[in-house]
Visitor: 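Sharing a structure below in structure tokens format, with a few things to ask.
All ligand and atom numbering here is 1-based and tracks the order in the structure. This one's a predicted model, so the numbers in the text were calculated from it and none came from an experiment.
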Amino acid sequence: MTVAGDLKTGFEFKPGLEGVPATLSSISYVDGKKGVLEYRGIPIEELAANSSFLETAYLLIWGNLPTKDELNAFEHEIRYHRRIKYRIRDMMKCFPETGHPMDALQASAAALGLFYSRRALDNPAYIRAAVVRLLAKIPTMVAAFQLMRKGNDPVQPRDDLSYSANFLYMLTERVPDPLAAHVFDVCLTLHAEHTINASTFSARVTASTLTDPYAVVASAVGTLAGPLHGGANEEVIDMLEKIGSKENVRPYVEDCIARKAKIMGFGHRVYKVKDPRAIVLQNLAEELFEKFGRDRYYDVAVEIERVVEEKLGQKGIYANVDFYSGLVYRKLGIPTDLFTPIFAIARVAGWLAHWKEQLNENRIYRPTQIYTGTHGAPYIPTEER
Ligand code: SDX
């Protein structure tokens, strides 16, 4: 597309704001050429190996690793707030079973705001309460919709289980294997934050109007749902099932390239090497396969990665976070259309960190545009059109 410049401001329009700084932030850092991702300066590989999702969420939101007492208090508050109001459960019972879980999550996240006082944004206690409620209740709502769309009553959270073990319990009504709970928790850490991606940008724009944090998260959930963003993990599984075998990989990839169709789980606006999260997720998948058996599509996935690298590596197109995450979730027995809601459960931590950071030095987002329309057009009466 021709890119117009604005004579007055001197700025050039960049489609998708590619390469245009939209904020100052100290929450996370990505080097797309070196494949580096850091949360508050700590490499993602360190956090994946040593931290937990809740400890990582605390780091992202409050800017420092918590002491043992701070983490215990935070985990205790989250456990206490995991339950959702019966009115929200009753509302979710009216949702159609065929509805997408991301639409159910966006509706129920916005509904949370109906129960809590609006916009005491200058009160640190309000900020902390909103952080705790959203981190605690989003998993409960995702699991509740899953059971209700099957015609069952949702189960209450179990305070004796960790954050990730409790989510898998609420989802499957079975206490998960410790390895499954651990791998799931690492997946949440890997998906928690990623600088100013589309859904985080939505969160910051919504936050800048000083609306309530529940509306901020609902706005971000709607943005994450798209197949070019968080919805890609679901599309990857559909692609693997469609290809079916290693032999079909090369013709499939060549056909996509010929049609200029996007291959799901590949490419990234920032990474021009393999996404560091994809590397960790691939290792997690192999860890699960060792204990619970290999996924029949894993070899197809490895072959797709090999062929795409051969064909598109020189264009900087490599596997991103969404390429292997679905295989991990499948092995954990999670339905495909819940992969993106799980991405949202994790990314609530990053959205809340950006919500707080935006409030620290807020200025409402209101960019300009380069007008390409006409001026002084006449109004033509209906009968003359
Ligand atoms: C996430 O931003 C983030 O940080 C997001 C995320 C996060 O943690 O928040 O990392 C999570 O959203 C990961 C991305 C998940 N999406 C997908 O896997 C969908 C498939 N990927 C593409 O849609 C694409 O790569 C994007 C959207 C991710 C990035 O697109 P860009 O930067 O706008 O790149 P583009 O569409 O302008 O493509 C540039 C070139 C084009 O070729 P040319 O026209 O220049 O010849 O690269 C090609 C594209 O055709 N290309 C691909 C491709 N991605 C880009 N070709 C084939 N398959 C692909 N996946």
Visitor: Can Lys150 and Glu97 be counted as an ion pair, charged N to O under 4.0 angstrom?
Guide: no

Visitor: Does this structure show an ion pair linking Asp177 with Lys291, if we count only N-O contacts that are shorter than 4.0 Å?
Guide: yes

Visitor: With a 3.5 Å distance limit and no angle check, can you tell me whether Arg277 reaches the backbone of Val321 through a side-chain donor-acceptor pair?
Guide: no

Visitor: With a cut-off of under 6.0 Å to the ring centre and 45° to the axis, is Arg128 in cation-pi contact with Trp62?
Guide: yes

Visitor: Less than 3.5 Å between some nitrogen or oxygen of Ile263 and one of ligand 1, yes or no?
Guide: yes

Visitor: Does the ring of Tyr116 carry Arg133 above it, NZ/CZ under 6.0 angstrom from centre and within 45° of its axis?
Guide: yes

Visitor: Atoms of ligand 1 less than 4.0 Å from Ile317 heavy atoms?
Guide: 47 (O), 48 (C), 51 (N), 52 (C), 55 (C), 56 (N)

Visitor: For atom 28 (C) of ligand 1, find the nearest protein heavy atom and state the residue, atom name and distance (0.1 Å precision).
Guide: Gly267 O, 3.7 Å

Visitor: With the threshold set at 4.0 Å, does a side-chain nitrogen-carboxylate oxygen contact exist between Lys242 and Glu235?
Guide: no

Visitor: Just need the protein heavy atom nearest to atom 20 (C) of ligand 1, so name the residue and atom and give the distance.
Guide: Phe266 O, 3.4 Å

Visitor: Considering only the protein, which heavy-atom contact is closest to atom 38 (O) of ligand 1, and what is its distance?
Guide: Lys262 CE, 4.2 Å

Visitor: Which residue owns the protein heavy atom closest to atom 34 (O) of ligand 1, what's the atom, and how far is it?
Guide: Arg269 NE, 4.7 Å

Visitor: Tell me: protein heavy atom nearest atom 14 (C) of ligand 1, and distance?
Guide: Asn320 ND2, 3.6 Å

